[in-house]
**Q** 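Just dropping this structure here.
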Amino acid sequence: MLKNYSLALISILIFATISQARITSLGEPAKFGIAPDPQAWDEINPHTWDVFTTFDSEEIFGVNQDRETIITTEFYSTGVMEGRKVGDITAVASLTDRGAFFGGDGYLDLYYFAPVDASKYAQQIVMFGGWKYNLTKHLHIDLGGNLVYSTKRTVGPGMVVEGMGGETFRGDVYVSLSTNKFYADPFVLIAYDPTFDASKFIAGFNPIMDLSPWIKIDGFTLEMQCIAGYVRAQRFSGREISTGGYWRNSYAFIQTEANLVYRFKHLRTFIGIGWAIHNDGEVAPNGESMGNDNNVWVGGGIGWVF
């Protein structure tokens, strides 16, 4: 039995960090603010156009429709983004919101990513959001983008590498296709980061299983996400490196996570484990360490649902 979980709301301007040591709504089919799927498999759903032509602001912005907001304090033994280590012990404070918007499912996620060792790693403030829509009976589309601020100049997904350039601001725009007609909720995604001139290709799945039929206790779910990705950056360093020119780089990664989640009324808690590996090596062109290429972490959190 599947249950498409909610994570975030209202914004079509900014997107989701592609993958991090947190299970996000990346790849989940639309749920909030949508009409029933079209009957024919090849029929385009006109619901978002119908909502627009009402010229009713309450209908367009989902004022009186269901939505969900969650504030959470999270903790991870290792911070990981896009398969790369970007922190040791890491605390995260997050706000996620999701609900009806423009005849589809709008979401917003704000979080503060804070490695405990601030002398070695960058703290990052991430704002992402997007809009999901059940385009056809079996196909959902997700459009979005993100903006990330780092307290130090970072390369790639947030690594501090001295002498290799780096930027404090970066962001992505992306389009994703997913379906909820298969057990694992598979999805594919293409993204572009103009700061690092990086193209990103992601495929994965994120099933959510209701555990109550097996453990006889309501409120328990198992949330999983498995991603395979490829990143190709013409300016992995953002700006010119100390030896001149730009750091061009490309690598592939796999990242998997599983969380046991318990929800009781407004309380939501979770514990989980994750693993990530990439093929980019552990040493930068200047010889500095870029962290392990194989990472395992545990995590957990507690939050309040509004």
Side-chain angles (χ1 to χ4, degrees), residues 14-21 24 26-27 78-88 90 113 115 120-128 130 143-176 187-204 226-256 274-295:
I14 36 193
F15 141 93
T17 297
I18 294 292
S19 56
Q20 57 256 294
T24 71
L26 177 66
T78 299
V80 175
M81 291 185 178
E82 294 179 21
R84 314 296 295 257
K85 181 178 180 179
V86 293
D88 286 321
T90 300
F113 183 93
K120 185 177 180 181
Y121 300 102
Q123 299 175 28
Q124 303 190 63
I125 299 172
V126 183
M127 177 171 61
F128 79 74
L143 306 173
N146 81 359
L147 181 64
V148 184
Y149 169 73
S150 301
T151 56
K152 299 180 180 181
R153 289 183 179 176
T154 61
V155 301
M159 299 178 294
V160 178
V161 185
E162 296 296 333
M164 299 303 292
E167 299 286 355
T168 54
F169 283 97
R170 67 181 190 276
D172 299 291
V173 292
Y174 82 98
V175 59
S176 174
F187 69 93
V188 294
L189 177 147
I190 299 175
Y192 178 70
D193 176 353
T195 302
F196 297 123
D197 192 10
S199 300
K200 304 173 184 180
F201 307 92
I202 309 290
C226 181
I227 295 173
Y230 175 73
V231 179
R232 182 180 179 85
Q234 300 300 313
R235 297 191 304 270
F236 199 68
S237 54
R239 61 187 65 199
E240 290 190 359
I241 61 179
S242 57
T243 56
Y246 292 100
W247 179 8
R248 297 183 179 181
N249 195 21
S250 61
Y251 69 95
F253 68 90
I254 296 173
Q255 189 163 314
T256 62
W275 169 73
I277 188 171
H278 65 81
N279 66 350
D280 198 30
E282 300 181 9
V283 181
N286 66 350
E288 185 171 340
S289 173
M290 294 193 297
N292 300 335
D293 59 6
N294 192 333
N295 292 281

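Small disclaimer: the values here were computed from a predicted structure and weren't measured. Positions are given from 1, in the same order as the sequence printed here. Every heavy atom of this structure was used, including side-chain atoms; hydrogens, water molecules and symmetry mates were not.
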**Q** For Phe196, which residues count as a ring-ring contact (aromatic ring centres under 6.0 Å, His included) partner, sequence neighbours excluded?
**A**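 ring-ring contact (aromatic ring centres under 6.0 Å, His included) list for Phe196, sorted by chain: empty.
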**Q** Can you list everything that forms a side chain to side chain contact (heavy atoms under 4.5 Å, CB included) with Val188? Sequence neighbours excluded, please.
**A**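 Val188 satisfies side chain to side chain contact (heavy atoms under 4.5 Å, CB included) with Leu177, Ala203 once adjacent residues are dropped.
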**Q** Just jot down the side chain to side chain contact (heavy atoms under 4.5 Å, CB included) partners of Ala276, sequence neighbours excluded, or say none.
**A**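 Testing Ala276 for side chain to side chain contact (heavy atoms under 4.5 Å, CB included), a comparison that skips the adjacent residues, returns Val80, Gln255, Trp297.
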**Q** Who passes side chain to side chain donor-acceptor pair (under 3.5 Å) against Tyr230, sequence neighbours left out?
**A**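 Once residues adjacent in sequence are excluded, Tyr230 has no partner under the side chain to side chain donor-acceptor pair (under 3.5 Å) criterion.
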**Q** Taking side chain to side chain donor-acceptor pair (under 3.5 Å) as the test, write out the residues that go with Asn249, two or more places apart.
**A**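 Once residues adjacent in sequence are excluded, the partners of Asn249 under the side chain to side chain donor-acceptor pair (under 3.5 Å) criterion are Asp280.
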**Q** State whether Glu240 and Arg235 are salt-bridged, where the test is any N-O pair (Lys NZ or Arg NE/NH1/NH2 against Asp/Glu carboxylate O) under 4.0 Å.
**A**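 No, Glu240 and Arg235 are not salt-bridged.
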**Q** Is the closest basic N to carboxylate O distance between Lys200 and Asp172 below 4.0 Å?
**A**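 Looking at Asp172 together with Lys200, the answer is yes, because their closest N to O distance falls below 4.0 Å.
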**Q** Do Lys85 and Thr78 make a side-chain contact, defined as non-hydrogen atoms from C-beta onward lying under 4.5 Å apart?
**A**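 Of all side-chain heavy-atom pairs linking Thr78 with Lys85, at least one is under 4.5 Å.
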**Q** Apply side chain to side chain donor-acceptor pair (under 3.5 Å) to Asn279 and list each qualifying residue two or more places apart in sequence or on a separate chain.
**A**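 Residues passing side chain to side chain donor-acceptor pair (under 3.5 Å) with Asn279: none at all.
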**Q** Can you tell me how far CD1 of Ile125 sits from CZ of Phe169, rounded to the nearest 0.5 angstrom?
**A**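 Reported value, rounded in 0.5 Å steps: 8.5 Å.
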**Q** List the residues meeting ring-ring contact (aromatic ring centres under 6.0 Å, His included) with Tyr251, not counting sequence neighbours, and say none if there are none.
**A**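 In terms of ring-ring contact (aromatic ring centres under 6.0 Å, His included), with neighbours along the sequence ignored, Tyr251 is linked to His278.
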**Q** So do the side chains of Arg170 and Ser150 get within less than 4.5 Å of each other, counting heavy atoms only?
**A**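 Arg170 vs Ser150: side chains touch.
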**Q** Quick one: pull up CG in Asn295 and CZ in Arg84 and give me the separation to the nearest 0.5 Å.
**A**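 If we round to the nearest 0.5 Å, Asn295:CG and Arg84:CZ are 10.0 Å apart.
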**Q** Per the salt bridge (Lys or Arg N to Asp or Glu O under 4.0 Å) rule, what does the pair list look like for residues 150-167, sequence neighbours excluded?
**A**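 Every pair satisfying salt bridge (Lys or Arg N to Asp or Glu O under 4.0 Å) with a residue in residues 150-167: Glu167-Arg239.
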**Q** With a 4.5 Å cut-off on side-chain heavy atoms, are Trp247 and Val155 touching?
**A**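 Yes. Closest side-chain heavy atoms under 4.5 Å.
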**Q** Not counting sequence neighbours, which residues clear side chain to side chain contact (heavy atoms under 4.5 Å, CB included) with Gln234? List them please.
**A**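 Checked Gln234 against side chain to side chain contact (heavy atoms under 4.5 Å, CB included); matches are Asp197, Arg232, Arg248.
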**Q** Which value, rounded to the nearest 0.5 Å, describes the distance between Thr168 atom OG1 and Tyr149 atom OH?
**A**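 Those atoms lie 6.0 Å apart.
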**Q** What residues form a side chain to side chain contact (heavy atoms under 4.5 Å, CB included) with Asn286, not counting sequence neighbours?
**A**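 Once residues adjacent in sequence are excluded, the partners of Asn286 under the side chain to side chain contact (heavy atoms under 4.5 Å, CB included) criterion are Val161, Met164, Ala284, Glu288.
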**Q** Which pair of heavy atoms, one from Ser289 and one from Gly291, lies closest together, and at what distance?
**A**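 Heavy-atom minimum between the residues: OG-N, 3.2 Å.
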**Q** I need the Asp193 CG to Phe236 CZ distance, nearest 0.5 Å.
**A**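 Reported to 0.5 Å precision, the distance equals 10.0 Å.
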**Q** Excluding sequence neighbours, so at least two apart, what forms ring-ring contact (aromatic ring centres under 6.0 Å, His included) with Phe201?
**A**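 Residues passing ring-ring contact (aromatic ring centres under 6.0 Å, His included) with Phe201: none at all.
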**Q** Looking at Ser176 and Leu189, would you say the former's side chain and the latter's main chain have a donor-acceptor pair under 3.5 Å?
**A**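 No, because the side chain of Ser176 does not come within donor-acceptor range (under 3.5 Å) of the backbone of Leu189.
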**Q** Could you state the interatomic distance from OG1 (Thr256) to CD1 (Ile227), rounded to the nearest 0.5 Å?
**A**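 One gets 9.5 Å once the value is rounded to the nearest 0.5 Å.
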